[in-house]
Amino acid sequence: MPATPAAPRPLRVALLGCGVVGTQVARLLTHDAADLASRAGAPLELVGIAVRDVTAPRDAVIDRALLTDDAESLVDDADIVVEVMGGIEPARALLLRAIAAGAAVVTANKALLAEDGPTLYRAADSAGVDIYFEAAVAGAIPIVRPVRESLAGDDVRRVLGILNGTTNYVLDQMATTGASLEDALAEAQALGFAEADPTADVEGYDAAAKAAILASLAFHTRVSIADVAREGIRSVTAEDVAWAARTGYVIKLLAIADLREDGPGRAPSGVSVRVHPALVPLAHPLANVRGSFNAVFVEAAAAGELMFYGRGAGGAPTASAVLGDVVSAARHRVLGGKGPQESTYAALPILPTGAAITRYQVRVDVEDRHGVLAQVTQVLAEHGVSIEAVRQPTRQEDEVDDAEDGVAHLVLTTHAAPEASLAAMVDAVAALEPVRTVTSVLRVEGA
Ligand code: NDP
Ligand code: HSE
């Protein structure tokens with residue numbers, strides 16, 4: 001009679017962090033234990049949860065007996081380590097320690113990966129263990145695995161998306177309810193979308209970290225957060241939001257990663273990665289990405305355009321992505337095999353910010369007299385920038401309370417040009433004698 005196969009031994013899961021995301025990871029690991037065991041091929045046993053303060057109040061789903069402030073001992077005795085504490089240290093040291101001890105690691109820590117991912121990838125490669133990080137980009141949306149694995153046989157040319165739930169929530173609230181940036185940000189914090197330090201969201205660091213991770217995977221090139229040209233939403237005013245609506249746009253914080261190809265059949269010359277607020281036409285699908293939702297467009301040579309959409313932040317959505325990674329790592333433990341390694345063979349140069357191709361919408365206050373528009377358009381021509389539209393709204397249309405007599409408001413929208421030419425053009429327009437103020441400069445994308 002054949003021997004009955006032995007039941008697989010439980011896999012020991014250590015959880016580092018029990019905040020917005022960690023609490024939901026613990027809940028799913030406990031609540032869905034039977035299903036997860038069937039999917040993973042072995043029971044997943046949550047053996048401990050490392051926190052800063054073991055005495056702090058916790059959600060009722062947390063078994064307080066599992067809490068510890070000794071994260072090092074916890075990782076030393078685990079098969080799978082899940083890091084959802086955030087920050088660079090001690091997260092990096094703990095992950096490296098876990099890898100060195102032979103554990104598979106799962107992290108949602110985009111700040112760490114975008115700053116020093118290669119150190120972790122190298123360590124995981126040499127130890128022969130998995131490192132998974134689906135939750136680090138766009139919360140619940142499966143985007144890391146599609147770019148890293150599903151599109152590994154194709155050539156990705158562009159990644160364009162809304163990668164930060166907090167700023168999307170804030171901009172959406174400003175546009176739809178007239179809320180101030182500060183009030184909308186406080187709501188996003190209360191809802192658990194924002195980073196521990198929300199400056200990371202507002203100033204675009206969080207989206208830049210995610211853009212760096214996606215660009216690295218998409219273009220087989222190391223891109224760190226320092227390579228990403230970054231502007232946050234702090235300078236976006238209520239007036240900008242109102243003007244966007246009047247001119248047929250909505251303002252979104254976009255992340256854009258482009259492969260620069262200088263002609264058909266020629267090898268790519270570099271990679272451009274940027275994060276900044278941009279005017280998106282109301283008819284574009286990204287314009288309808290509301291609240292804390294994220295969306296990512298990927299353009300690949302053979303696949304064409306792909307779009308990924310879903311909840312980009314929040315405890316349960318992010319925990320879903322974490323658990324997917326835990327099950328993948330567990331399957332490898334049970335059945336053998338290993339997830340993909342870092343791929344950097346293309347090693348493309350990172351292009352300077354000024355090389356990015358974009359369009360501008362510029363609002364200027366000028367003296368309302370004959371010949372001024374001609375002077376302004378002359379400056380654009382001198383900088384090789386062609387105009388798509390010039391609009392001079394009437395006093396009723398522009399609804400500017402403090403409209404001065406003798407001052408006209410112009411809204412110039414350009415065609416695509418290198419960022420460096422557009423920026424130089426704005427400086428030259430500002431220097432014209434009849435120009436009172438350049439009130440706003442926003443890039444236009446997706447048109
Ligand atoms: P929180 O601030 O809510 O939770 C952090 C947790 O880590 C807390 O439990 C904290 O302990 C613990 N912790 C922090 N530092 C230490 C330390 N030095 N030693 C031990 N424990 C520590 O963060 P989030 O859950 O929001 O985010 C966690 C990670 O997930 C971050 O990397 C974040 O970028 C990422 N992420 C977050 C998303 C979200 O929507 N919130 C979405 C996608 C990714 P204590 O409770 O005692 O303070
Ligand atoms: N603070 C991040 C955001 C969390 O708002 O998108 C998800 O990564």
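Counting convention: from 1, in listed order, for ligands and their atoms alike.
Heavy atoms of Ala135 come nearer than 4.0 angstrom to ligand 1 in at least one pair.
Scanning the protein for heavy atoms near atom 5 (O) of ligand 2, the closest one is Thr166 OG1, 2.6 Å. With hydrogens left out, the protein atom closest to atom 40 (O) of ligand 1 is Gly314 N, 2.6 Å, a heavy atom. In this structure, atom 6 (O) of ligand 2 lies nearest to the protein heavy atom Gly165 N, 2.7 Å. Ranking protein heavy atoms by distance to atom 41 (N) of ligand 1, first place goes to Gly192 O, 3.2 Å. Among protein heavy atoms, atom 7 (C) of ligand 2 sits closest to Gly312 O, 3.3 Å. The single protein non-hydrogen atom nearest to atom 35 (C) of ligand 1 is Ala108 O, 3.4 Å, given as residue, atom name and distance. Looking only at protein heavy atoms, the nearest one to atom 8 (O) of ligand 2 is Lys110 NZ, 2.5 Å.
Because its NZ or CZ atom is not both nearer than 6.0 Å to the ring centre of Tyr360 and within 45° of the ring axis, Arg443 does not count as a cation-pi partner of that residue.
Counting atoms of ligand 1 from 1 in the listed order, those under 4.0 Å from a heavy atom of Asp53 are 47 (O). Near Lys210, meaning under 4.0 Å from one of its heavy atoms, ligand 2 places the atoms 2 (C), 3 (C), 6 (O), 7 (C), 8 (O). Remark: ligand 1 atoms within the under-4.0 Å shell around heavy atoms of Thr318 are 38 (C), 40 (O), 42 (C), 43 (C), 44 (C). The ligand atoms of ligand 2 that sit less than 4.0 angstrom from a heavy atom of Phe193 are 1 (N), 2 (C), 3 (C), 4 (C), 5 (O). Residue-ligand proximity, Ala194 to ligand 2, at heavy-atom distances under 4.0 Å covers atoms 1 (N). Atoms of ligand 2 found under 4.0 Å from any heavy atom of Glu195 (numbered from 1 in listed order, with element): 1 (N), 2 (C), 4 (C). Here is the list of ligand 2 atoms found below 4.0 Å of a heavy atom in Asn164: 2 (C), 3 (C), 5 (O), 6 (O). Using a 4.0 Å cut-off to heavy atoms of Ala313, the atoms of ligand 1 that qualify are 40 (O).
Where the criterion is an N or O separation shorter than 3.5 Å, residue side chain and backbone included, Glu83 fails it with respect to ligand 1. Any N or O atom pair closer than 3.5 Å counts here, and Val20 shares at least one such pair with ligand 1. Of the N or O atoms in Cys18, one or more lie within a sub-3.5 Å distance of an N or O in ligand 1. Between Gly139 and ligand 2, a contact under 3.5 Å exists for no N or O pair.
Residue contacts with ligand 2 for Ser292 are absent, since no atom lies close enough (heavy atoms, distance under 4.0 Å). With a 4.0 Å cut-off on non-hydrogen atoms, Asp201 touches ligand 2 through its side chain and not its backbone. Heavy atoms of Asp206 found under 4.0 angstrom from ligand 2 belong exclusively to the side chain.
In terms of modelled atom types and a separation under 3.5 Å, the side chain of Asn109 and the main chain of Gly87 share a donor-acceptor contact.
Scanning Arg58, Arg52, Glu134 for the heavy atom closest to atom 14 (C) of ligand 1 points to Arg52. Looking at Arg311, Lys110, Glu195, it is Lys110 that brings a heavy atom closest to atom 44 (C) of ligand 1. Comparing Pro90, Ala196, Ala91 against atom 2 (O) of ligand 1, the shortest heavy-atom distance belongs to Ala196.
For His31, the NE2 atom sits in a loose shell: 12 or fewer heavy atoms of surrounding residues, nucleotides or ligands are nearer than 6.0 Å. More than 12 heavy atoms of other residues, nucleotides or ligands sit less than 6.0 Å from atom CD of Glu89.
Distance screen at 4.0 Å: atom 23 (O) of ligand 1 has no protein heavy-atom neighbour inside the cut-off.
Classified by interplanar angle (parallel below 30°, tilted 30° to 60°, perpendicular above 60°), the ring pair His284/Phe297 is perpendicular.
For the pair Leu259/Leu348, a side-chain contact is recorded, criterion being any heavy-atom separation below 4.5 Å from C-beta on.
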